[in-house]
Amino acid sequence: VREGSTIADALAQHPGYFSQLLTAAVWAGEASGDLDLVFEQVSLHLEEMAELKSQVRSALLYPVMMAAVASIGVLVMLLFVIPRFSAILQDVGTALPLTTQILVWVSRSVRDAWWLWLIIAAGAGYGAYAVNQQEELRVRWHAWRLTLPFVGDLEIKYLTARFVRTLGMLLHSGVPIMSALKIARAAISNSAVAQEVDAAAAAVSEGSAVATALEGTIAPMAVQMLAVGEESGKLEETCARIADTFDRDVRRTMRSAVAMIEPVLILVFGVLVGFVALAMLQAIYSINAGAF
C-alpha cells in the first residue's frame with residue numbers, strides 16, 4: 001500500500017489470510033469512497049457467520065459426546081467385563097440362557113475379529129478421503145445428503161442463510177451482482193449446491209432475474225422473498241432479512257433436534273446396559289438353579 005497499491009490489491013496478494021469476500025468488498029468500498037462503512041459491514045457479517053457456525057457446533061457437541069461416552073462404555077463391557085464373566089460360566093459348565101449366549105457371542109465377535117473391524121474402519125476412512133478428492137463423487141455424495149429427511153432440509157436452510165447473507169453484504173458494499181454471486185458461492189460448503197449457484201450465475205448473466213435463477217437451488221421461501229426484493233428494488237435489505245429468518249430457523253431446529261436426541265441416546269444406552277445386566281442375572285440364576 002505504501003508503494004501505491006490499492007488496499008484491495010494488497011489483500012488479494014495474501015489469499016491465505018484475506019478471503020475473496022473481503023477483497024471484493026474492499027475493492028467496492030475503495031471505488032465508492034465508503035471504505036469505512038464497508039469494513040464495518042464486513043466485520044458484522046463475519047461476526048454473524050461465526051456466531052451461527054458456533055451455535056450449530058455447540059448444539060451438536062453434547063449429543064456427540066454422549067454417543068462417544070456410551071460407545072466407550074459398551075466397548076469396555078464387551079472387551080473386558082463380558083469375557084471374564086464368560087470364562088467363569090464356562091468353568092461351571094451350566095447351560096446358558098439365550099440372552100447370555102447372545103451377549104457372549106457379540107463379545108467374542110468384537111474381541112476376536114478386531115482386525116476385521118480395523119479393516120472396515122480403514123476402508124471407510126479411505127472411501128471418505130477418495131470421495132472428498134474426486135469432484136464427481138463429492139457432488140453425488142453432497143446431492144444425496146440433501147435428500148435425507150430432516151438433515152437435508154436443515155442443511156439447505158443453513159446454506160441459504162450463509163449464501164444470502166454474503167450476497168446481501170456484497171451488494172450493499174457496491175459489488176456488481178455477477179461478481180457478488182460468484183463470490184458468495186464460496187460461502188456454500190455443499191458442492192452440489194455450489195454447482196447450481198454457478199448455473200444460476202450463468203443464467204443471470206444471460207438476463208434472468210436472480211430469484212428465478214436461484215429457484216431450486218436455495219430454500220423456496222428465500223426465493224420468493226428475493227423475488228419481492230427485486231421487484232421493490234431493495235434486494236440488499238431483503239437478503240439481510242432472509243438471512244436473519246433462516247438463522248433463527250436453523251437455531252430453533254437445532255435446539256429441537258438436540259432436545260430429542262438426548263433422551264433417545266439415554267434410552268438406547270439404557271437398553272444396552274439393561275440387556276447386559278439381564279443376561280448376567282439370568283446366567284447367575286441358572287447357575288444357582290443348577291446347584292440346587
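Only a predicted model underlies this, so the values are computations on that prediction, with no experimental measurement involved.
- Annotation for F275: atom CZ counts as buried by contact number, over 12 foreign heavy atoms lying within 6.0 Å.
- There is no path of hydrophobic side-chain contacts, each under 4.5 Å, that joins L267 to M77.
- By the 6.0 Å contact criterion, CE on M178 is enclosed, its count of non-hydrogen atoms from other residues, nucleotides or ligands being greater than 12.
- A donor-acceptor pair under 3.5 Å is formed between the side chain of S232 and the backbone N or O of V228.
- Within the 4.5 Å cutoff, the side chain of F163 has no heavy atoms near those of the V193 side chain.
- Counting only distance, with no hydrogens or angles, the side chain of S107 and the backbone of L103 share no donor-acceptor pair below 3.5 Å.
- The environment of M221 atom CE is dense: over 12 non-hydrogen atoms of other residues, nucleotides or ligands sit within 6.0 angstrom.
- Listed by chain and number, the residues in a side chain to side chain donor-acceptor pair (under 3.5 Å) with T99 are Q282 (sequence neighbours excluded).
- Residues F39 and V26 meet the side-chain proximity criterion, which asks for heavy atoms closer than 4.5 Å.
- Remark: E237 CD is packed, more than 12 non-hydrogen atoms of other residues, nucleotides or ligands lying under 6.0 Å away.
- When every heavy atom of V1 is checked against every heavy atom of A10, the shortest pair comes out as CG2-CB, 3.8 Å.
- Residues passing the side chain to side chain donor-acceptor pair (under 3.5 Å) test with E236: none are found, sequence neighbours excluded.
- Side chains of R165 and I242 form no contact here, defined as non-hydrogen atoms less than 4.5 Å apart.
- The shortest distance between side-chain heavy atoms of F246 and V164 does not fall below 4.5 Å.
- Residues L46 and V42 form a side-chain contact, since some pair of their non-hydrogen atoms from C-beta on lies under 4.5 Å apart.
- Put simply, the side chain of L146 reaches to within 4.5 Å of the side chain of E155, judged on heavy atoms.
- Annotation: side chain to side chain donor-acceptor pair (under 3.5 Å) contacts of R248 (sequence neighbours excluded): none.
- A single hydrophobic cluster is seen to contain both L118 and I120, as judged by linkage of ILVMFWY side chains at heavy-atom distances under 4.5 Å, directly or through other members.
- Heavy-atom minimum distance, L167 versus A180: CD1-CB, 3.7 Å.
- In H142, the NE2 atom is crowded: over 12 heavy atoms of neighbouring residues, nucleotides or ligands sit closer than 6.0 Å.
- Closest heavy-atom contact between T166 and A184: CG2-CA, 3.8 Å.
- Put simply, the side chain of T23 gets close to the backbone of S19: a donor and an acceptor are under 3.5 Å apart.
- Counting heavy atoms of neighbouring residues, nucleotides and ligands inside a 6.0 Å radius, atom OH of Y126 does not exceed 12 of them.
- Checked for salt-bridge contact, E136 and R140 meet the test: a charged N lies under 4.0 Å from a carboxylate O.
- A donor-acceptor contact shorter than 3.5 Å links the side chain of E230 to the backbone of V210.
- Nearest approach of T160 to A222, heavy atoms of both residues: CG2-CB, 3.6 Å.
- Between M260 and S256 the shortest side-chain heavy-atom distance does not fall below 4.5 Å.
- Taking 4.5 Å as the limit, some side-chain heavy atom of L226 sits within range of a side-chain heavy atom of I218.
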